[in-house]
Amino acid sequence: MNLEKMTAIEISNAIKNKEISVCDVVNNTIQNIEKNEEKFNCYVSIDKEDALKQAQLIQERIDNGELNDSPLAGIPIAVKDNICTKDRLTSCSSKMLSNFKPTYNATVVERIKNAGMVIIGKANMDEFAMGSTTETSHYGITKNPWNLNRVPGGSSGGSAAAVASNEAVISLGSDTGGSIRQPSSFCGVTGLKPTYGSVSRYGLVAFASSLDQIGPIGRDAMDCAALFSIISGKDEKDATSMDFEKFSYDEIKNSGLKGVKIGVPKSYFGEGLSESVKEKIYEAIEKYKELGAEIEEFDLDIVKYAVPTYYIIACAEACSNLSRYDGIKYGFSAPSKNLIETFVKSRSEGFGLEVKRRIMLGNFVLSSGYYDAYYNKALKAKKLIQDAFFKAFEKYDFIIGPVAPDVAPEIGANLSDPLKMYMADIYTVMINIAGVPALSIPCGFDKNNMPVGLQLIGKPFGEKTILSAAYEYQQNTDFHKQSSPLV
Ligand code: GLN
């Protein structure tokens with residue numbers, strides 16, 4: 001049985017049919033970690049012994065027939081290191097939380113445990129999820145499984161690279177402005193940023209609370225649908241989580257694309273988009289036409305406000321959320337002579353450069369003299385962006401376009417120029433501002449064999465529509481089945 005070529009659902013079925021045991025599957029993932037982790041550095045922490053213990057207990061539950069309804073029972077999963085795991089390091093890849101072991105599990109962690117999934121380790125990320133390359137981690141950079149000189153994307157770079165390198169069968173990431181979709185695109189895997197409110201944020205260390213969502217990264221759309229069905233749904237511990245009509249992952253099989261209307265924003269294809277990405281996106285659009293969908297271009301000029309709006313709102317919320325790290329309540333505390341010095345030294349030494357930049361930006365846009373000029377204006381732009389999407393969705397079932405303007409950059413290429421890095425978030429940040437779901441699926445490779453991702457953007461709670469459309473595409477292409485020669 002070649003587990004690397006199977007989806008998580010297929011592996012779980014093989015376990016239920018007694019063709020393989022949970023321990024065998026976990027051992028296989030551990031072998032892949034032993035082979036690849038030194039090269040890629042996908043994880044902040046790995047607990048092999050604990051994973052094997054979990055595997056035994058889950059095997060018993062499977063043998064007792066308790067997990068027949070769980071599509072991912074027995075599957076090894078990597079969890080991004082900003083998602084709380086009880087008694088287990090949850091560092092957010094920051095020195096600030098390098099000794100933080102939460103006393104409770106995030107709701108998503110409770111749910112994956114109930115579903116019989118095996119947590120293998122905590123995935124590396126940009127510090128506090130701020131970044132697009134996983135280079136700001138306190139635990140070293142993660143490398144792209146397709147090319148060791150390139151970044152895996154970010155901030156969920158470890159989660160995406162773990163799936164691409166078979167160091168996990170599936171993973172959880174978080175997405176505030178693209179952090180699930182962009183690394184999925186750079187690493188050639190499938191990633192879903194769910195509708196705001198569909199997945200509980202309880203136990204997700206907050207970056208920008210009005211934008212953050214946890215979501216799945218997997219080998220294909222069906223695996224993402226299965227994990228989404230496990231983690232989503234109302235949670236009384238998160239007041240922003242919502243009840244919505246849930247669907248079973250295998251329902252995405254039956255939809256087809258006949259009569260489906262897809263909108264393509266013209267403004268997505270202007271200056272800044274690389275030729276190779278453009279070409280692959282156009283090919284994907286052609287494929288959708290061939291499969292029976294109706295494609296129409298439309299204006300979404302509001303895209304020009306996306307990046308500034310996002311960075312003002314995200315930084316404003318981040319500086320408030322991160323004020324809790326004062327050297328007393330959580331994590332790192334610098335030796336100091338008095339209280340003020342404790343605050344100042346702990347924050348100065350505990351946070352990295354990018355996090356500090358955002359705290360300063362956030363405090364600036366919220367300060368009394370600038371609040372109206374920046375923060376208030378950004379809230380107005382947010383409303384315009386939401387309206388533009390809702391208007392488009394009156395006409396289209398979903399929208400497609402690129403995930404990122406280019407393939408994964410070389411390591412170091414972006415760090416010196418943060419503005420350039422922020423601009424590359426142009427296609428992803430609007431989705432979080434609008435609160436809608438979006439998916440990244442592999443749609444080809446550039447001339448250097450680097451993966452390119454296609455973004456499918458859905459209506460609020462329209463996960464089923466975009467996952468079905470992705471499923472249909474993946475039934476008719478095999479980009480998602482390619483694996484890197486380095487793995
Ligand atoms: N790249 C974006 C940022 O740096 C998105 C981060 C995210 O989604 N967590 O803020």
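Both counts, for ligands and for their atoms, begin at 1 and track the order of listing.
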Non-neighbouring partners of Y249 that pass ring-ring contact (aromatic ring centres under 6.0 Å, His included), sequence neighbours left out: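 ring-ring contact (aromatic ring centres under 6.0 Å, His included) check on Y249 returns nothing, list empty.
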
Using the ring-ring contact (aromatic ring centres under 6.0 Å, His included) criterion, which residues pair with Y375? Sequence neighbours excluded.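 Y375 satisfies ring-ring contact (aromatic ring centres under 6.0 Å, His included) with Y371 once adjacent residues are dropped.
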
Supply the atom-to-atom distance E127 CD to E135 CD, rounded to the nearest 0.5 angstrom.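 Those atoms lie 13.5 Å apart.
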
Output the set of protein residues with a heavy-atom contact under 4.0 Å to ligand 1, ordered first by chain identifier and then by residue number.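 The answer is A129, M130, G131, S132, S155, D175, T176, G177, G178, S179, F207, Y310, Y311, R358, D425, counting any residue whose heavy atom sits under 4.0 Å from ligand 1.
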
Does any pair with a residue in residues 220-233 pass side-chain hydrogen bond (donor to acceptor under 3.5 Å, both in side chains), and if so which ones, sequence neighbours excluded?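 Sorted result for residues 220-233: S232-K246.
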
Between the side chains of R88 and N105, is a donor N or O closer than 3.5 angstrom to an acceptor N or O?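 Per modelled atom types, R88 and N105 side chains form no pair under 3.5 Å.
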
Residues D387 and K391 bridged, charged N to O under 4.0 Å: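 A salt bridge is absent here (no side-chain N lies under 4.0 Å from a carboxylate O).
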
